[in-house]
Amino acid sequence: MTDGQPTLGDRIISIIVGTLNNLIPSSISSSANALVDFAYVRVLGLPFIVLGYRQSGKTTLLEWLRRDTAYLADFDPEPTAAGGAPVPVFGSNIGSQHMRLKPGRDVGGEYAMWETDWLDLFRHARPRGIVFMMDHTNPPQHKDALNFVLQMIDEEPAAAKNLKMFLLVINKADLWGSEKTLGDLLDEYRNETRRLKSQSERLGYAYMIAGTSLVTGAGVSEAMTRFFNAIRPKPKKL
Amino acid sequence: MQTLTIEYVLDGSRPGYQFTTPTNGIGEAALKTIWRHAMPRGQGWGQFVGARSLKCFPLDGERQVAFSEVTVTDQTDESGRRGIRRAEIMLLDAETCPDALTLRLVMLPETVRDAANRLLTFWRWKRILDRAVPKMRRKNGQIVLAYPYTDPEAWRVVEAAMLTIATSRRLRALKGGPCACSLTTLALDHRDESALTAIPLALARSIKDVHVIDLSG
């Protein structure tokens, strides 16, 4: 992994933005924020990435967003191949707001994809948010994948610079919801969630954990509304 | 000539796509490029079981070329997902790439090659060459061809047409034109694909950003 040192350009921009924040009255700064927010949400697309171990629902989540949160029972994805698939910027109704979203690529979740496709995507997207998908099966593999992502965030400061929110999604609630609670499932991941909490405090991003079912739609809309609101430059009160 | 294989492995502690042949002697950058480009793009391969796609792409600053032969297997994973593919990749010197493509073309039955030549009418050649000429305002010089997909056997005509175009002197003579060794004979999405790509006609109808050349009718 690279040393992640900021470039001269990055440093100059940081100095200018820092100086302007001190000099410009808050009303003007707020208008500038609104303009940046408009640019991301309506034009460029909010950069985010979806990661997670294989079969956890990454492709299905992207399809759910692309289909404008429609019912997905007929969707039958195949294992995402090496290299992933490009996903162009698209519009989606998130809560009551239409937003343009920029996930970059749909990547596979197997071990072989982590050092290649995940790392390339993270470096290239410089995401404002990460959605990490898990389910109730294969805890050791989900733990490995989550630890890899947390390590990647630490080792790639340039790519992690814009990170505002990490959403941990425990998907397939239709399969585990009748037997277990979200708390029961998270018991298995105590060390990882502790690491996530500590990293989020250290690097200054927020994190959230949600139980969802992409098949029934349970919990997905609420989680996505909060996630995309958190990663936009000027979050709204929900 | 080194050969690599990417397969979907279900046994073992790390299931999923992986190289199942040794990768010794191949640089990390080249290996990453092969990993990323060996499989044709798109979702929905479950409906194309038995289909074959030939994919050719440059490596190492274009001194080397990877030639990937991808088949859509009838394999399913433990949750029943289909559309699993297998890629056999040969590494070639870039100078030998046109010869390798020509060899693939002549290995196809003569009837298939004749049918392909009938698809490539004068007007279609004109459009292909027109697309291939780099123009100031045209950032993406990708040539996308479309044809109705019925079965793997029938698609061999398109494969022959693609190989005919890629090996044609007319195309290779174009200064600054597309690399002859960047082609995909069957993809389900043209984005992030080769300079010369063929996709099923049903999928081509939704393409907005590239002018598709229809080989049917």
Side-chain angles (χ1 to χ4, degrees), chain A residues 1 52-60 62-63 66-67 72 74-90 103-121 123-124 135-145 148 171-172 175 214-215, chain B residues 4-10 12-20 23 28-29 31-49 53 55 57 68 70 72-73 75-87 89 187-193 206-209:
Chain A
M1 295 192 184
Y53 186 60
R54 63 192 283 268
Q55 297 185 340
S56 55
K58 298 177 294 298
T59 303
T60 310
L62 289 170
E63 188 67 14
R66 267 201 292 207
R67 285 195 196 180
L72 270 182
D74 64 325
F75 185 57
D76 181 25
E78 61 223 16
T80 304
V87 183
V89 177
F90 61 90
R105 294 184 85 78
D106 177 16
V107 289
E110 293 98 338
Y111 278 85
M113 314 281 187
W114 302 356
E115 283 281 359
T116 52
D117 298 352
W118 288 16
L119 190 54
D120 283 350
L121 176 63
R123 283 178 179 163
H124 187 254
D135 64 20
H136 58 300
T137 62
N138 306 314
Q141 285 82 357
H142 290 302
K143 281 182 192 183
D144 282 354
F148 178 87
N171 190 28
K172 304 184 186 174
L175 299 179
L214 279 161
V215 174
Chain B
L4 299 170
T5 306
I6 299 177
E7 285 175 290
Y8 199 81
V9 178
L10 274 173
S13 61
R14 296 187 168 192
Y17 282 109
Q18 52 193 264
F19 284 109
T20 54
T23 56
E28 196 184 331
L31 209 54
K32 265 191 173 182
T33 307
I34 294 166
W35 177 257
R36 194 161 189 176
H37 294 282
M39 301 275 186
R41 303 285 180 231
Q43 267 280 343
W45 290 98
Q47 290 163 33
F48 292 82
V49 171
S53 176
K55 206 171 161 171
F57 51 95
S68 175
V70 179
V72 185
T73 70
Q75 205 181 346
T76 53
D77 71 5
E78 60 273 47
S79 58
R81 295 189 299 178
R82 300 166 72 232
I84 292 171
R85 284 156 280 164
R86 178 183 193 277
I89 306 125
L188 304 186
D189 190 338
H190 70 292
R191 287 169 298 202
D192 201 22
E193 262 301 349
S206 60
I207 295 178
K208 302 271 190 289
D209 55 335

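Labels below follow one simple rule: chain letters A, B, ... track the order of the sequence lines, proteins then strands, and each chain is numbered from 1. All of these numbers come straight from a predicted model, not from anything done at the bench.
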Worksheet item: Roughly how far, to the nearest 0.5 Å, is CG of A:Asp120 from CZ of B:Arg36?
Response: 5.0 Å
Worksheet item: Which answer fits B:Pro40, side chain, backbone, both or neither, if we ask what part of it has an atom under 4.5 Å from a heavy atom of chain A?
Response: neither
Worksheet, complete the sentence: If one checks every heavy atom of B:Phe19 against chain A at 4.5 Å, the contacting part turns out to be neither
Discussion item. Is B:Arg85 in contact with chain A via its backbone, its side chain, both, or neither, using a 4.5 Å heavy-atom distance?
Written reply: side chain
Practice prompt. Would you indicate whether the side-chain heavy atoms of A:Met113 and B:Tyr17 approach each other to under 4.5 Å?
Written response: yes
Worksheet item: Which heavy-atom pair separates A:Glu78 from B:Gly46 by the least distance, and what is that distance?
Response: OE1-N, 3.5 Å
Worksheet, complete the sentence: Checked A:Pro140, A:Ala85, A:Gly108, A:Pro88 vs chain B; the most non-hydrogen pairs under 4.5 Å come from A:Pro88
Discussion item. Distance check, rounded to the nearest 0.5 Å: A:Gln55 atom CD versus B:Asp77 atom CG?
Written reply: 4.5 Å
Worksheet item: Minimum heavy-atom separation for B:Arg41 to A:Ala82, with atom names?
Response: NH1-O, 3.8 Å
Response to the item:
Honestly, the part of A:Asn138 sitting under 4.5 Å from a heavy atom of chain B is neither
Worksheet entry | Test applied, side-chain contact (heavy atoms from CB on, under 4.5 Å); reference residue, A:Pro79; option that passes from B:Arg81, B:Arg82, B:Gln75 | B:Arg81
Discussion item. Around atom CD of B:Glu78, are there more than 12 heavy atoms from other residues, nucleotides or ligands closer than 6.0 Å?
Written reply: yes
Worksheet item: Quick one: side chain to side chain contact (heavy atoms under 4.5 Å, CB included) partners of A:Thr59, sequence neighbours excluded?
Response: A:Phe75, A:Pro77, A:Thr80, A:Asp106, B:Gln43
Fill in: A:Asp144 side, atom CG; B:Arg14 side, atom CZ - distance, nearest 0.5 Å
7.0 Å
Practice prompt. Apply side-chain hydrogen bond (donor to acceptor under 3.5 Å, both in side chains) to A:Glu110 and list each qualifying residue two or more places apart in sequence or on a separate chain.
Written response: none
Worksheet entry | Largest heavy-atom contact set with chain A, pairs under 4.5 Å, which of B:Gly44, B:Gly80, B:Ala38 | B:Gly44
